Amino acid sequence: MEKLLSTSRRIEIVKENCKIIQERVAETAIKSGRAPEDVRLMAVTKTVEPVLINTALEQGIDLIGENRVQEFLSKEPDLHLEGVEKHLIGHLQKNKVRQIVGKVDMIESVDSIELAAEIAKRSAMQAITTPVLLEVNIGEEESKFGFAKENLDEVLAQIAQLENIEVRGLMCIPPICEKKEEIRAFFSQMHQIYIDFSSKIFNNINMNVLSMGMSGDFEEAILEGSSLVRVGSAIFGERIYR
Ligand SMILES: *Cc1c(COP(=O)(O)O)cnc(C)c1O
């Protein structure tokens, strides 16, 4: 969205976008053989000002995702978060865990055993259990965070030993693909892995979230079984990084 647009015009655009995306998510959920409420829509709020985030929340969005601990904590006082779930979706450094545990409802970007252990430790200090997703590097890209799918068995076995952390599912950011069929193949692989692990019994592992799909590909993700889509620019417009 052009930064030259007035705030009131940008609010109008966010309202329209929310309605359109909410409808597309619901329609695609039905197309995938599920009910609209089986697929959650997250508004990804990185770089977005509180006034626009609050606009999305007024449109019935009840889940937001932020990438950075600092950015989330600084915007939080200005957000109308009653009844709204907050997830951390960006790479989390171990030294920031202390600041975010207890402040969000889920950490979707657990990408190492050490990080899981730190989240468990800091959660124990607050006498809480933190729900997390394991990030899978489904495209096996050097540049991306996440566990290799081959290691997931071992990772789950180790995380199952930890207290105060509960694995609720999987998350991925697939490679940029030119063709819709290519991206669908990655989503389909993720769904298969998710189904395989959901059926295994570990004491603190209770999988019911498969977080995949962003602005450009959320419909493909839903058709392949996503239960949570993370949509930023299709709601708020192009991000302006400062
Ligand atoms: C930014 C971001 C998104 C949203 O991306 P859009 O393409 O703007 O929808 C989703 N997931 C993660 C992890 C992100 O960092």
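Order of listing sets the numbers, starting from 1, for every ligand and every atom in it. Note that this is a predicted model, so its numbers are computed, not measured.
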Crowding at CZ, R68 (>12 non-hydrogen neighbours, <6.0 Å): no

Cluster link L210 to M207, ILVMFWY, side chain under 4.5 Å: yes

CD/E12: more than 12 non-hydrogen atoms of other groups inside 6.0 Å: yes

Full working for side chain to side chain contact (heavy atoms under 4.5 Å, CB included) between N67 and F72: CA-CA 8 Å; N67 287 63; F72 172 66; over 6 Å; no

L73 CG: over 12 foreign heavy atoms closer than 6.0 Å: yes

Set of residues satisfying side chain to side chain contact (heavy atoms under 4.5 Å, CB included) with respect to V231, sequence neighbours excluded: I21, L41, S215, F218, V229, A234, I235

Residues lining ligand 1 [heavy-atom distance under 4.0 Å, listed by chain and residue number]: V44, K46, N67, I89, I173, M214, S215, R230, V231, G232, S233, R239

